[in-house]
Number of protein chains: 2
Amino acid sequence: MTKKYKSEALAALHESMQGLHDIGIVPAKTMRRFDSSCLAPIEDMKPEEIVEVRNKAGVSQAVFARYFRVSLGTISKWERGEKHPSGPAITLLNIVKRKGLESIYA
Amino acid sequence: MTKKYKSEALAALHESMQGLHDIGIVPAKTMRRFDSSCLAPIEDMKPEEIVEVRNKAGVSQAVFARYFRVSLGTISKWERGEKHPSGPAITLLNIVKRKGLESIYA
DNA sequence: AATAGTATAGTTCTTAGTGTTATAAATCAA
DNA sequence: TTGATTTATAACACTAAGAACTATACTATT
């Protein structure tokens, strides 16, 4: 659980820094350095997690694929562990997991 | 402007359908079919647009890269038109454009 | 029984993305 | 002015994600 705690702490810290920046205390440059060094590391999604996220959204692989703008085959491969989602795809998966599928609908 | 209007109309329609689904009128299966057929087509981001989105967020290519979980070189190539962002990356770019960089922070 | 939706699976091919290194401009501090 | 840091471009070889296509099979609907 240490890892998760650390991540949450960093998230909270980041929010505070952003607040300080917003009211003009922390300059943009410092903010940039801060961002660069504290952003959470890549937490890759395991195949079962991807299935879980999709099922919780209640959509088929085909629909899921259209939301992510990838092919149907790609979703199938993610879920079977044949291929691993790219960086941006992992980011999207995390967003859907936290905020739901509708939040990524352009 | 026809294209954008159409897209907005579909978005609104989708929202309505989702509402009907939420209150139990439209079954999940119908919802799935609806999703599959009405999701907006891919609107790719031009290099200048990507620069604009990043500048509006007020971050360097390096920081932008970490948010997207891609390498710095990839951002540079997107912005110079040497490489085109993948499907999931385009989705993310659209989210950042509409809702800001913070909204994709995991 | 037939149709349509769903998911797995394999194949070939393209290209996005990585990692590295070099270069050069602008910015800032000593 | 000098030196250090940040910023962005650029070229290289390499890896692997993803596309497109096809086939199979299970399930549910009509």
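Letters go in sequence order (proteins before strands), and every chain restarts at 1.
- Projected onto DNA chain D by closest heavy-atom contact, Gly73(A) and Asn55(B) fall at different nucleotides, the more 5' of which corresponds to Asn55(B).
- Contact annotation: Gln61(A) reaches the phosphate of dT8(C) (side-chain N/O to OP1 or OP2, under 4.0 Å).
- Taking 4.0 angstrom as the limit, Arg80(B) places a side-chain polar atom (N or O) nearer than this to OP1 or OP2 of dA10(D).
- The side chain of Arg69(A) contributes no N or O atom lying less than 4.0 Å from OP1 or OP2 of dA17(D).
- Put simply, Trp78(B) has a side-chain N or O that comes within less than 4.0 Å of OP1 or OP2 on dG17(C).
- Between dA19(D) and Thr74(A), a contact under 4.0 Å exists linking OP1 or OP2 to a side-chain N or O.
- Glu52(B) has no carboxylate O lying under 4.0 Å from a charged side-chain N of Lys97(B), or vice versa, which leaves the two without a salt bridge.
- A salt bridge is defined here as a Lys NZ or Arg NE, NH1 or NH2 lying under 4.0 Å from an Asp or Glu carboxylate O, and Glu48(A) with Lys46(A) fails to meet this definition.
- Defining each end axis of the helix from dA1(C)-dT30(D) to dT18(C)-dA13(D) as the rotation carrying four pairs' C1' atoms onto the next four, with five pairs an end, the two axes are found to diverge by 30° to 10 degrees.
- Closest contact between the side chain of Lys83(A) and the listed nucleotides dT9(D), dA17(D), dA16(C) involves dA17(D).
- Here the nucleotide nearest the side chain of His84(B), chosen from dA8(D), dG18(D), dA16(C), is dA16(C).
- Evaluation of atom-type donor-acceptor distances gives a pair under 3.5 Å for the side chain of Lys77(B) against the base of dT18(C).
- Side-chain N/O atoms of Ser71(B) include none lying less than 4.0 angstrom from OP1 or OP2 on dG19(C).
- No more than 12 heavy atoms of other residues, nucleotides or ligands lie within 6.0 Å of NZ in Lys56(A), so this atom counts as exposed by the packing criterion.
- Atom pair Leu72(A):CG and dA9(C):C1' shows a separation of 12 Å (rounding to whole Å applied).
- Look at Ser86(A) and you'll find a side-chain N or O under 4.0 angstrom from OP1 or OP2 of dG18(D).
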